[in-house]
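Following: one structure in structure tokens, then a few remarks.
On a predicted model such as this, the values are computed, not experimentally measured, just so you know.
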Amino acid sequence: MGADRRAEIKMTSAEQQEFLRPMGKMALSTIGPDGYIHTTALYYALLGDQVAFLAKRKSQKVVNVLRDSRVTCMREAGEKYYDLRGLTLIGNGEVREDRETLWAVGEYLYRTRHHNAADSRADVERIVERSIHNRAVIVVHPQRVISWDHRKLRTSKQE
């Protein structure tokens with residue numbers, strides 16, 4: 001695909017945020033101690049307009065980010081060429097362990113995955129509290145964003 005076509009499929013900031021809004025998984029790549037890429041798929045949360053991941057404090061991804069903050073994340077959707085959409089974030093990860101951030105991410109993940117308005121506040125608090133125990137949050141600070149939405153290439157012949 002030529003550079004001129006890449007401009008056609010690039011998502012606007014609003015389209016990027018809309019793409020990230022539904023709950024889903026995103027691949028997170030960090031740099032392992034041996035220099036090789038360590039990639040895992042995780043549910044993510046939006047902390048304002050930043051992508052954030054909840055992970056065990058001693059997990060390899062957290063250890064990697066503490067040693068080398070460079071990360072790359074990618075979320076994609078679609079099966080056929082003219083349905084493909086995606087977003088790659090290249091930048092730095094920040095490990096946070098403060099209760100406010102842990103709680104915000106834990107509650108976001110609970111609310112978006114369970115959608116159960118009938119849960120009492122006490123039940124939500126108990127479940128979130130359990131989910132953030134011994135955890136850390138990796139917040140992504142993108143330096144570069146790459147996006148694509150092949151649906152923009154559709155013509156009446158392809159629909």
Side chains of [X] and [Y]: closer than 4.5 Å at any heavy-atom pair?
X    : Y   : result
Y44  : L20 : yes
K61  : F53 : no
P33  : Q60 : yes
I146 : L87 : no

Exercise. Apply side-chain contact (heavy atoms from CB on, under 4.5 Å) to Y43 and L54, showing your working.
Key: CA-CA 8 Å; Y43 286 103; L54 188 64; over 6 Å; no

Quiz prompt | Passing option when N64 is tested against I37, T30, V71 for side chain to side chain contact (heavy atoms under 4.5 Å, CB included) | solution = T30

Self-check item: Reference residue L102; test side chain to side chain contact (heavy atoms under 4.5 Å, CB included); the match among H133, E129, R135
Solution: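 Of H133, E129, R135, side chain to side chain contact (heavy atoms under 4.5 Å, CB included) with L102 is met by R135 alone.
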
Quiz item: Do the side chains of L66 and L42 join up, straight or via other hydrophobic residues, at under 4.5 Å, putting them in one cluster?
Solution: yes

Practice problem: Following the transitive rule for hydrophobic clusters with a side-chain heavy-atom cut-off under 4.5 Å over Ile, Leu, Val, Met, Phe, Trp and Tyr, establish whether V139 and W103 coincide in one cluster. | Solution: yes

Practice problem: Go through the steps to decide whether K152 and E15 satisfy the test side-chain contact (heavy atoms from CB on, under 4.5 Å), and finish with yes or no. | Solution: CA-CA 12 Å; K152 294 181 177 187; E15 290 168 335; 2.8 Å; yes

Quiz item: Does atom CZ of R67 have more than 12 heavy-atom neighbours from other groups under 6.0 Å away?
Solution: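 Atom CZ in R67 is packed in, count exceeds 12.
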
Self-check item: CD/Q17: more than 12 non-hydrogen atoms of other groups inside 6.0 Å
Solution: yes

Kindly give the heavy-atom pair with the smallest separation between [X] and [Y], and that separation in Å.
X    : Y    : result
V95  : A136 : CG1-CB, 3.9 Å
V140 : C73  : CG2-SG, 3.6 Å
S69  : N92  : OG-OD1, 2.9 Å
T39  : S29  : OG1-OG, 2.7 Å
L153 : E8   : CD2-OE1, 3.7 Å
P142 : V145 : CB-CG2, 4.0 Å

How long is the straight-line distance from [atom2] of [Y] back to [atom1] of [X], given to the nearest 0.5 Å?
X    : Y    : atom1 : atom2 : value
E107 : I132 : CD    : CD1   : 10.0 Å
Y108 : L46  : OH    : CG    : 3.5 Å
L28  : L89  : CG    : CG    : 10.0 Å

Looking at [Y] and [X], is any side-chain nitrogen of the basic one under 4.0 Å from a carboxylate oxygen of the acidic one?
X    : Y    : answer
E97  : R57  : yes
E94  : R96  : yes
R151 : D149 : yes

Self-check item: S59 side-chain N/O to A55 backbone N/O, donor-acceptor pair under 3.5 Å
Solution: no

Exercise. Would you check, one step at a time, whether the test side-chain contact (heavy atoms from CB on, under 4.5 Å) holds for M26 with V51?
Key: CA-CA 10 Å; M26 183 178 281; V51 168; 3.8 Å; yes

Exercise. Would you check if the distance from the ring center of H150 to the ring center of Y82 is below 6.0 Å?
Key: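 No, they do not, as the ring centres are separated by 6.0 Å or more.
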
Self-check item: side-chain contact (heavy atoms from CB on, under 4.5 Å) evaluation trace for M11 with W148
Solution: CA-CA 6 Å; M11 289 187 209; W148 59 95; over 6 Å; no

